[in-house]
K.L.:
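Mind having a look at this structure? Questions to follow.
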Amino acid sequence: MAELVEKSLNFIEEIIEHDLEIGKHKTIITRFPPEPNGYLHIGHAKSICLNFGLALKYGGKTNLRFDDTNPTKEDIEYVDSIREDVKWLIEEMPMEWSEERYASDYFQTIYDLTVKLIQKGLAYVDHSTAEQMAVSKGTPTQAGTNSPYRDRSVEENLALFEQMKSGSLPDGTCVLRAKIDMASPNMHMRDPVIYRIKHAHHHQTGDDWCIYPMYDYAHPISDAIENITHSICTLEFEVHRPLYDWTIKNLELFPSRQIEFARLNLTYTIMSKRKLLQLVTEGVVNGWDDPRMPTISGLRRRGYTPAALREFANRIGIAKRDNIIDVGLLEFCVREDLNKKAQRVMAVLNPLKVVLTNYTEGVTETVEIENNPEDPNGGKRLVPFGREIWIEREDFMENPPKGYHRLTPDGYFRLKGAYIIKHVETIKNTEGGIEELRCEYIPTSKSGQDQSGIKVKGVGHWVNVATAATAECRIYDRLFTVEAPDGDKEKSFMDYLNPNSLTVLDTIYVEPSVKDLAVNDRVQFLRHGYFAVDKDSTDTKLVFNRTVTLKDSWKPA
RNA sequence: UGACCCAUGGUGUAACGGUAGCACUACAGAUUUUGGUUCUGUCUGUUAAGGUUCGAAUCCUUAUGGGUCAACCA
């Protein structure tokens with residue numbers, strides 16, 4: 001009997017299993033609560049996979065909840081992109097699509113609860129200015145002092161809060177504060193603001209409200225309303241947890257529990273929404289979905305699969321210590337997935353013409369090549385072959401280093417799926433650059449029926465000149481030159497931009513089968529890497545994005 | 001000079017008082033009509049010092065290092 005290898009639990013799963021065991025909950029409900037003020041990035045993907053993954057594992061459910069309590073920073077564009085990204089990421093997961101909720105769905109309920117809070121003497125309207133409040137808040141090492149408005153009567157607070165809601169007060173006139181403890185060692189417990197006046201149009205509620213609850217206050221209430229059992233967020237909210245618990249306790253709500261885990265950091269990239277926005281607004285990249293961006297939409301456009309992202313999230317694990325994941329792991333995950341799925345195609349990115357002098361002019365024959373050696377059911381395709389072909393410039397060297405086993409002067413080279421060729425002559429231009437190669441093909445060496453007896457070490461891809469399709473190809477490199485672009489307090493991440501993060505190849509030659517490809521299709525260019533068809537493609541021009549190179553263990557001696 | 005959180009190979013993550021394991025990376029080899037894939041092997045680790053214990057990565061103390069917290073942001 002096979003030994004069952006049980007995957008160890010992360011600390012959140014341990015908490016959940018414990019809660020289930022002691023009967024605290026019969027089932028679990030999690031939520032993914034993005035603020036619609038930017039596009040989702042791979043750090044969010046980690047969180048999405050965690051929350052949806054937990055629900056899947058324990059038979060619970062997950063809500064997608066837009067945390068839209070600040071209308072001045074949020075936009076419907078972001079709501080739409082987030083919904084699309086989440087949908088795409090979890091599309092093949094065997095579970096139901098979550099309920100789509102908005103914190104703004106609960107504005108009335110939150111308001112009603114707040115009236116209760118005031119009645120309990122646990123909140124007061126403060127007319128201090130923002131500056132005064134900052135001063136009286138104290139510092140982390142020094143207790144704060146009570147506001148002069150702290151002891152207003154319940155009746156007065158009720159009336160003032162009503163006035164705040166009525167719309168008669170301009171922004172900033174006053175705020176509603178929770179009455180907790182100005183001397184708390186936790187700054188978030190020093191009478192935090194829970195409501196502020198904002199005469200702003202909200203993308204969901206329009207002009208219904210001119211007061212909006214703060215995150216720290218709205219979040220636990222929203223969780224409780226949805227019966228969220230485990231409210232998972234990142235580490236920086238750890239110090240907010242006492243306020244989260246305070247809110248639930250004093251409002252006597254469903255006991256949602258906040259649990260914090262370490263956010264994802266990736267080498268050679270930045271993850272802050274603010275900084276990503278800066279890249280977009282300053283034109284460093286071409287939008288949120290630029291394939292160099294660590295956004296979900298950028299990765300999707302780059303050619304990443306949802307399965308690869310989920311596998312990545314799975315491999316990096318969940319813990320509380322700060323981490324920085326090698327971007328190589330992400331690349332490993334997409335290679336692993338695409339190796340199984342992507343059809344192989346021959347494309348020459350940096351062409352060198354080869355004329356087979358002993359091949360009949362004007363003749364085109366077809367050779368049969370497997371679509372994917374990793375997939376037994378992948379089938380084969382016909383690829384045209386003729387007298388003139390493109391090969392990769394790097395596949396020929398006049399003075400090869402030791403260990404180079406491609407084409408060399410007077411050497412042999414196998415054209416994948418076709419014939420062995422023998423180098424005869426190198427044609428150069430006046431500057432001494434290599435213009436073209438004259439070779440002879442070995443007629444008896446055809447793939448599958450080779451009787452030539454010639455042993456070649458080198459095998460390469462090629463494209464028949466007469467039937468070649470052309471395309472544009474975009475080669476991406478990492479956006480930053482250092483592992484931790486925002487790790488330096490002295491310098492800005494903008495100082496570490498890689499000037500060569502994008503290289504456009506106007507014309508590459510590809511075998512004609514690519515004409516059937518559609519936008520977002522992914523293929524492997526043999527010996528190059530994985531490529532995805534970009535949305536910029538037109539009926540007459542294909543555009544490929546390089547997702548990732550193939551692993552390359554060849555290095556000259 | 002406050003409170004809270006964290007500390008295991010290069011990176012990430014296990015071991016729940018009883019043999020420090022797995023993955024990625026790197027390196028070496030085998031196979032290969034992709035210098036891909038696959039397979040095999042190798043290197044590298046418990047922050048430090050005390051204590052508890054027959055036994056400590058694990059529990060306790062202190063130190064050190066890292067992170068977080070003073071928006072009418074989330």
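Protein chains get the first letters and strands the later ones, always in sequence-line order, with residue 1 at the start of each.
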K.L.:
Closest to the A:Arg414 side chain: B:C69, B:U33, B:G36?
P.N.:
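Closest of the options to the side chain of A:Arg414: B:U33.
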
K.L.:
Within less than 4.0 Å of OP1 or OP2 of B:C73, is there a side-chain N or O belonging to A:Thr72?
P.N.:
no

K.L.:
For a quick check of understanding: with a heavy-atom distance under 4.0 Å over all strands, which category does A:Gly448 fall into, base, sugar-phosphate or nothing?
P.N.:
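Since a base atom lies under 4.0 Å of A:Gly448, the category is base.
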
K.L.:
Flag the pair A:Glu100 and A:Arg65 as a salt bridge only when some basic side-chain nitrogen lies within less than 4.0 angstrom of an acidic carboxylate oxygen.
P.N.:
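Between A:Arg65 and A:Glu100 there is no salt bridge, as every charged N stays at least 4.0 Å from the carboxylate O atoms.
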
K.L.:
Tell me whether A:Arg478 forms a cation-pi arrangement with A:Tyr268, defined as NZ or CZ under 6.0 Å from the six-membered ring centre and within 45 degrees of its axis.
P.N.:
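That pair qualifies as a cation-pi contact.
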
K.L.:
Where do N or O atoms of nucleotides 6-11 of chain B meet protein N or O atoms at under 3.5 Å, pair by pair?
P.N.:
residue	atom	partner	partner atom	Å
B:U11	O3'	A:Ile324	O	3.1
B:U11	O2'	A:Ile324	O	3.1

K.L.:
Is A:Tyr215 stacked on the base of B:A74 when the test is centres under 5.5 angstrom and planes under 30 degrees?
P.N.:
no

K.L.:
Checking only heavy atoms, does the side chain of A:Arg406 share a donor-acceptor pair with the base of B:G35 at less than 3.5 Å?
P.N.:
yes

K.L.:
Salt bridge (charged side-chain N to carboxylate O under 4.0 Å, His left out) with A:Glu74: which residues, sequence neighbours excluded?
P.N.:
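Salt bridge (charged side-chain N to carboxylate O under 4.0 Å, His left out) check on A:Glu74 returns nothing, list empty.
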
K.L.:
Could you check whether A:Gly458 gets within reach of a base, just the sugar-phosphate, or nothing at all, counting any heavy atom under 4.0 Å?
P.N.:
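Since no nucleic acid heavy atom lies under 4.0 Å of A:Gly458, the category is nothing.
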
K.L.:
In chain order, what residues pass the ring pair (Phe, Tyr, Trp, His ring centres under 6.0 Å) check against A:Phe332, with sequence neighbours excluded?
P.N.:
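With sequence neighbours excluded, A:Phe332 shows a ring pair (Phe, Tyr, Trp, His ring centres under 6.0 Å) to no residue whatsoever.
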
K.L.:
Where each pair must be Watson-Crick or G-U wobble with both distances under 3.5 Å, what dot-bracket representation of RNA chain B is obtained, with crossing pairs in [ ] and other-strand partners as |?
P.N.:
.((((((..((((....[..)))).(((((.......)))))....(((((..]....))))))))))).....

K.L.:
Which residues in residues 162-183 of chain A have a heavy atom closer than 4.0 Å to any atom of RNA chain B?
P.N.:
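Going residue by residue through residues 162-183 of chain A, the ones with a heavy atom under 4.0 Å of RNA chain B turn out to be A:Gly172, A:Val175.
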
K.L.:
So if I take every side-chain heavy atom of A:Thr139 and compare against B:A70, B:A74, B:A15, which nucleotide ends up nearest?
P.N.:
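Closest of the options to the side chain of A:Thr139: B:A70.
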
K.L.:
Examine the base of B:U1 for any acceptor or donor lying under 3.5 Å from a partner atom in the side chain of A:Thr141, and report the outcome as yes or no.
P.N.:
no

K.L.:
Where the side chain of A:Phe332 is defined as all heavy atoms beyond and including C-beta, which of B:C73, B:U25, B:A70 is the nearest nucleotide?
P.N.:
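So the nucleotide nearest the side chain must be B:U25.
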
K.L.:
Between protein and nucleic acid, restricted to nucleotides 26-30 of chain B and to nitrogen or oxygen atoms under 3.5 Å apart, what atom pairs and distances do you find?
P.N.:
none

K.L.:
Please, which pairs that meet salt bridge (Lys or Arg N to Asp or Glu O under 4.0 Å) have at least one residue in residues 311-321 of chain A, sequence neighbours excluded?
P.N.:
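Applying salt bridge (Lys or Arg N to Asp or Glu O under 4.0 Å) to every pair that reaches into residues 311-321 of chain A, excluding sequence neighbours, yields A:Glu238-A:Lys320, A:Glu311-A:Arg315, A:Arg315-A:Glu336.
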
K.L.:
Restricting to pairs with a member in residues 368-380 of chain A, which pass side chain to side chain donor-acceptor pair (under 3.5 Å), not counting sequence neighbours?
P.N.:
A:Arg344-A:Asn372, A:Glu370-A:Lys416, A:Asn371-A:Arg381

K.L.:
Please classify the nucleic acid contact of A:Ile318 as base, sugar-phosphate, or nothing, using heavy-atom distances under 4.0 Å.
P.N.:
sugar-phosphate

K.L.:
Closer than 3.5 angstrom, by distance alone: can the side chain of A:Thr295 be matched with the main-chain N or O of A:Trp288 as a donor-acceptor pair?
P.N.:
yes

K.L.:
At 4.0 Å (heavy atoms only), tell me whether A:Glu260 reaches a base, stays on the sugar-phosphate, or touches nothing.
P.N.:
nothing

K.L.:
Would you say A:Ser553 places a side-chain N or O within less than 4.0 Å of OP1 or OP2 belonging to B:G36?
P.N.:
yes

K.L.:
In chain order, what residues pass the salt bridge (charged side-chain N to carboxylate O under 4.0 Å, His left out) check against A:Lys179, with sequence neighbours excluded?
P.N.:
A:Asp151

K.L.:
Looking at A:Tyr111, I'd like to know if the NZ or CZ of A:Lys165 sits under 6.0 Å from its six-membered ring centre while staying within 45 degrees of the ring's axis.
P.N.:
yes

K.L.:
Using a 4.0 Å heavy-atom cut-off to protein, can you give one letter per nucleotide of nucleotides 38-45 of chain B, 5' to 3': B if the base is in contact, S if only the sugar-phosphate is, - if neither?
P.N.:
--------

K.L.:
List the residues meeting salt bridge (charged side-chain N to carboxylate O under 4.0 Å, His left out) with A:Lys551, not counting sequence neighbours, and say none if there are none.
P.N.:
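Result, salt bridge (charged side-chain N to carboxylate O under 4.0 Å, His left out) vs A:Lys551: none returned.
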
K.L.:
Given B:C24, B:U34, B:U13, which nucleotide is nearest the side-chain atoms of A:Ala319?
P.N.:
B:U13

K.L.:
Strictly below 4.0 Å: does A:Arg527 bring a side-chain N or O up to OP1 or OP2 of B:U32?
P.N.:
no

K.L.:
Just jot down the salt bridge (charged side-chain N to carboxylate O under 4.0 Å, His left out) partners of A:Arg241, sequence neighbours excluded, or say none.
P.N.:
A:Glu260

K.L.:
Just call it for A:Pro33: base, sugar-phosphate, or nothing, with non-hydrogen atoms closer than 4.0 Å on any strand.
P.N.:
nothing

K.L.:
Indicate, with a heavy-atom threshold strictly under 4.0 Å, whether A:His528 touches base, sugar-phosphate, or nothing.
P.N.:
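The residue A:His528 makes no contact with any strand.
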
K.L.:
May I ask you to say what A:Ile316 touches in the nucleic acid, namely base, sugar-phosphate or nothing, with a heavy-atom cut-off under 4.0 Å?
P.N.:
sugar-phosphate

K.L.:
What nucleic acid atoms does A:His240 come within less than 4.0 Å of, heavy atoms only: base, sugar-phosphate, or nothing?
P.N.:
base

K.L.:
Which is it for A:Phe237 and A:Tyr215 under the ring-ring contact (aromatic ring centres under 6.0 Å, His included) test, yes or no, and what are the steps along the way?
P.N.:
CA-CA 11 Å; A:Phe237 291 100; A:Tyr215 163 86; 5.2 Å; yes

K.L.:
Need one value for A:Phe413: base, sugar-phosphate or nothing, where a base atom within 4.0 Å counts as base even if backbone is also close, heavy atoms only.
P.N.:
nothing

K.L.:
Measure from the side-chain heavy atoms of A:Leu526 and tell me the nearest of B:G35, B:U34, B:A74.
P.N.:
B:U34

K.L.:
So what does A:Arg315 hit on the nucleic acid, given a heavy-atom distance under 4.0 Å: a base, only sugar-phosphate, or nothing?
P.N.:
sugar-phosphate

K.L.:
Closest to the A:His405 side chain: B:G35, B:C69, B:C72?
P.N.:
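The answer is B:G35.
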
K.L.:
NA contact type, A:Asn186, heavy-atom cut-off 4.0 Å: base, sugar-phosphate, or nothing?
P.N.:
nothing

K.L.:
Is there a side-chain contact between A:Lys198 and the phosphate of B:C73, meaning an N or O under 4.0 Å from OP1 or OP2?
P.N.:
yes

